[in-house]
Protein chains: 2
Amino acid sequence: MNTADYELLSAKLKVLAHPERLRILDVLRREPECVCHLEALLGKPQPYISQQLRLLREAGVITDEKQGQNVFYHLSDAEVSAWLDVVLGPIDQSDFGANQREFIVACTCPKCAPTTVLLAA
Amino acid sequence: MNTADYELLSAKLKVLAHPERLRILDVLRREPECVCHLEALLGKPQPYISQQLRLLREAGVITDEKQGQNVFYHLSDAEVSAWLDVVLGPIDQSDFGANQREFIVACTCPKCAPTTVLLAA
DNA sequence: TTATTATATGCAAAAAGATAGATATGCAAT
DNA sequence: ATTGCATATCTATCTTTTTGCATATAATAA
């Protein structure tokens, strides 16, 4: 390990060392989500979410993929994925509240809409 | 996981997300070291080292212990220790260069002095 | 085309963090 | 006590990050 190594690692760690970004990553490590979904989930203004996503994207931690009008983001860094397992604990598949999809009534993306309808009923 | 959890975790991560602190922790996770040793190792002024150590100490990551004139620091947080194993990789016992003791001729603490003598010979 | 929805970008103000220097404390040997 | 060494603290300054807001772009719908 030399200075450059520590700098590289700490730069990557810095990206995770933020409550909202950590939360975003906790959602994305389960499954890809669109911006509107994260917006509803975190309760923060859209530009704010986009800004955090840009940071994560530029750090190579996540990747975006356009689907229709929506942009879905997914985790794309194996190293960070491993870190998250240790920091946040392994993903609990039985934890349906994990990405809180059932509580999201504000998100109308194609992925969320069916749930929204379900809840409205 | 709620907002407070993410804030707590990210605050702890933030402490690691710094090249010099990460390096200090990489040294301390192997064995306790005194300030003068870290000073020689990092090649930074003593007040700077003390400042970073204070940050780590106040975050509960390390603990100090006075031995004669020197203050030795050791890792005291099991969670962080586990994180470091993943981020920096497990400690390689055969890696004698790990804490670079053999290269430290500037440190004269009781722990280093014998080695210094050895090198001078 | 025009309107609408989803997301991105740019910019300025505010907050936080880093760096450096000077000084203080505290132990230990003389 | 006094000198010397190791470490800590304080203060000021400089830089970076964070945040909030206004606006731009791009795709779709009417």
Pairwise distance [atom1]([X]) to [atom2]([Y]) - rounded to 0.5 angstrom:
X     : Y     : atom1 : atom2 : answer
B:L8  : A:L22 : CG    : CG    : 11.0 Å
A:Q52 : A:L42 : CD    : CG    : 9.0 Å
B:I49 : B:E39 : CD1   : CD    : 6.5 Å

What is the separation between atom [atom1] on [X] and atom [atom2] on [N], rounded to the nearest whole Å?
X     : N      : atom1 : atom2 : result
A:Y73 : C:dA6  : OH    : P     : 15 Å
B:E7  : C:dA16 : CD    : P     : 13 Å
B:E58 : D:dA8  : CD    : C1'   : 11 Å
B:N70 : D:dG4  : CG    : P     : 18 Å

Of B:L55, B:V61, B:I62, which meets side-chain contact (heavy atoms from CB on, under 4.5 Å) against B:R21?
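One option only clears the test, and that one is B:L55.
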For a quick test of reading the model, state the closest non-hydrogen atom pair linking B:L41 to B:R23 and the distance between them.
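The answer is O-NH2, 4.2 Å.
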Report yes or no: do A:Q46 and A:S50 form a side-chain donor-acceptor pair below 3.5 Å?
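Yes, a side-chain donor-acceptor pair sits under 3.5 Å.
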Note, B:D64 side chain near B:L53 side chain (heavy atom, < 4.5 Å):
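B:D64 vs B:L53: side chains apart.
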Could you encode protein contacts along nucleotides 18-30 of chain C as a string, one character per nucleotide from 5' to 3', using B for base contact, S for sugar-phosphate-only contact and - for no contact, with a heavy-atom cut-off of under 4.0 Å?
SBB-B----S---
What does the inter-axis angle of the helix from C:dT1-D:dA30 to C:dT30-D:dA1 come out as, five pairs per end, nearest 10 degrees?
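Rounded to the nearest 10 degrees, the bend comes out at 20°.
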